[in-house]
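All values below come from the heavy atoms of this structure, side chains included, with hydrogens, waters and symmetry mates left out.
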Amino acid sequence: MTTTTALVVTRHGGPEVLEVQEREVPAPGPGEALVEVAAGGVNFIDAYQREGIYPTDPPYVQGFEAAGTVRAVGEGAAVAVGDRVAWSMTIGLHAGTVLADSEKLLPVPDGVELETAAAATLQGMTAHALVTDVHRVEEGTVALVHAAAGGVGQLLTQMIVNRGGHVIATAGSAAKLEIARSRGALETIDYSEVEDLSGAVREAADRLGAAKGVHVAYDGVGKATFDESLASLRPRGTMVLFGGASGQVPPFDLQRLNAGGSLYVTRPSLAHFIADREELMVRGRELFEEVDSGRLDIAIGGRYPFAEAAEAYRALEGRATTGKLLLIP
């Protein structure tokens, strides 16, 4: 048995409860692999668990996304020593060495750096699921993307544009809107400067040929934008609530969906879109093909050692970031 440096949630609370500790890592058993981690991704799901919004039982090693190199394998493992891999939606990945279920590991193409893979896996597969299975983006789809300069927002914008759709992007500053435009957004709105956000979105949609509102609203902000997102939809439009950066959306009257034009609302989680290995492999392969080909650019907004992890999460939760933040063991 070996030891490794790990980022531990000592109790429920804010970023201050994070602590760097030494943890034991057992040798891989059947179907398992020991992975030396190059980088881990910083994600809101880490914060939701740390705060107790998603049930957890501290103390535990945090982290839902990482990439690295396989250093040892057990009998019947799906990977080999030396393979470059990435994985997500498995807790405990923010450590220098991680014992992994080899069935959950995605192969990383030679042309993709491990840090890039760590930055792309969870948010990239989330964005991929959102534009393919949650609401299929097609030629001419007009989509609203909130927080478009963030990690998921930049990926969503690029994927929508790559599939022939048109993006109306929102963000909280001119600098962030410029990032959204660089990713292909045709219309941008600074939601800190408009009183009627849904009205501004509808005007933008009309300029893009969608006079009745957007086909789909991708909303990872949550409480602060949910009502405006619903009001931006065309009849039979789809509201995709995939996060709650501003807080969780309270219960609401379903009759509002009828009044808005037979609207759809969904609250997806990536876990349900990579539920079996075949779907995981297909989604991961298509994601990394887009990255490797240059059709999908992964923006890394900052790299932090484990000792500065609290600073990384304060930046993320304060919505002061653009691109993806990484933790380096």
**Within residues 206-219 or reaching into it, pairs that qualify as salt bridge (charged side-chain N to carboxylate O under 4.0 Å, His left out) - sequence neighbours excluded** = Glu187-Arg207
**Request:** Quick one: which residue pairs count as a salt bridge (charged side-chain N to carboxylate O under 4.0 Å, His left out) with a foot in residues 163-184, not counting sequence neighbours?
**Result:** Arg163-Glu290, Glu178-Arg181, Arg183-Asp297
Check the hydrophobic clustering (I, L, V, M, F, W, Y; side-chain heavy atoms under 4.5 Å; chains of links allowed) and say if [X] and [Y] are grouped together.
X: Leu233; Y: Val216; value: no
X: Ile300; Y: Val42; value: no
X: Leu155; Y: Leu326; value: no

**Request:** List for me each residue that meets side-chain contact (heavy atoms from CB on, under 4.5 Å) alongside Ser182, sequence neighbours excluded, and say none if there are none.
**Result:** Ile179
**Asked** Who are the side-chain contact (heavy atoms from CB on, under 4.5 Å) partners of Ser88, not counting sequence neighbours?
**Response** Glu65, Thr121, Leu122, Met125, Leu270
Mind checking salt bridge (Lys or Arg N to Asp or Glu O under 4.0 Å) for [X] and listing every partner two or more places apart, or none if nothing turns up?
X: Glu279; answer: Arg283
X: Glu115; answer: Arg303
X: Glu32; answer: none
X: Glu311; answer: none

**Fill in**
The complete set of side chain to side chain donor-acceptor pair (under 3.5 Å) pairs with one or both residues in residues 95-109, sequence neighbours excluded, reads Glu103-Arg277
**Message:** By the side chain to side chain donor-acceptor pair (under 3.5 Å) test, which pairs, at least two apart or in different chains, include something from residues 258-272?
**Reply:** Tyr54-Arg267
**Message:** Determine whether a donor-acceptor pair (N or O, by modelled atom type, separation under 3.5 Å) exists between the side chain of Tyr218 and the backbone of Leu130.
**Reply:** yes
**Asked** Can you name the ring-ring contact (aromatic ring centres under 6.0 Å, His included) partners of Tyr60, sequence neighbours left out?
**Response** none
**Item:** Spacing of Thr4 atom OG1 and Glu22 atom CD [to the nearest 0.5 Å]
**Value:** 6.5 Å
**Nearest heavy atoms of Leu34 and Pro26, plus distance in Å** = CD1-O, 3.9 Å
Please output the side-chain donor-acceptor pairs of residues 240-257 that fall under 3.5 Å, not counting sequence neighbours, one pair per line with the distance.
from   : atom 1 : to     : atom 2 : distance (Å)
Ser246 : OG     : Val221 : O      : 2.8
Ser246 : OG     : Lys223 : N      : 3.2
Ser246 : OG     : Ala224 : N      : 2.9
Asp253 : OD1    : Gln255 : N      : 3.0
Arg256 : NH1    : Asp227 : OD1    : 3.4
Arg256 : NH2    : Asp227 : OD1    : 2.9

**Prompt:** Out of Val137, Leu186, Val161, which residue meets the side chain to side chain contact (heavy atoms under 4.5 Å, CB included) rule with Val167?
**Reply:** Val161
**Prompt:** Would Gln62 and Tyr313 count as having a side-chain donor-acceptor pair, cut-off 3.5 Å?
**Reply:** yes
**Item:** Flag for His135-Thr141: side-chain donor and acceptor within less than 3.5 Å
**Value:** no
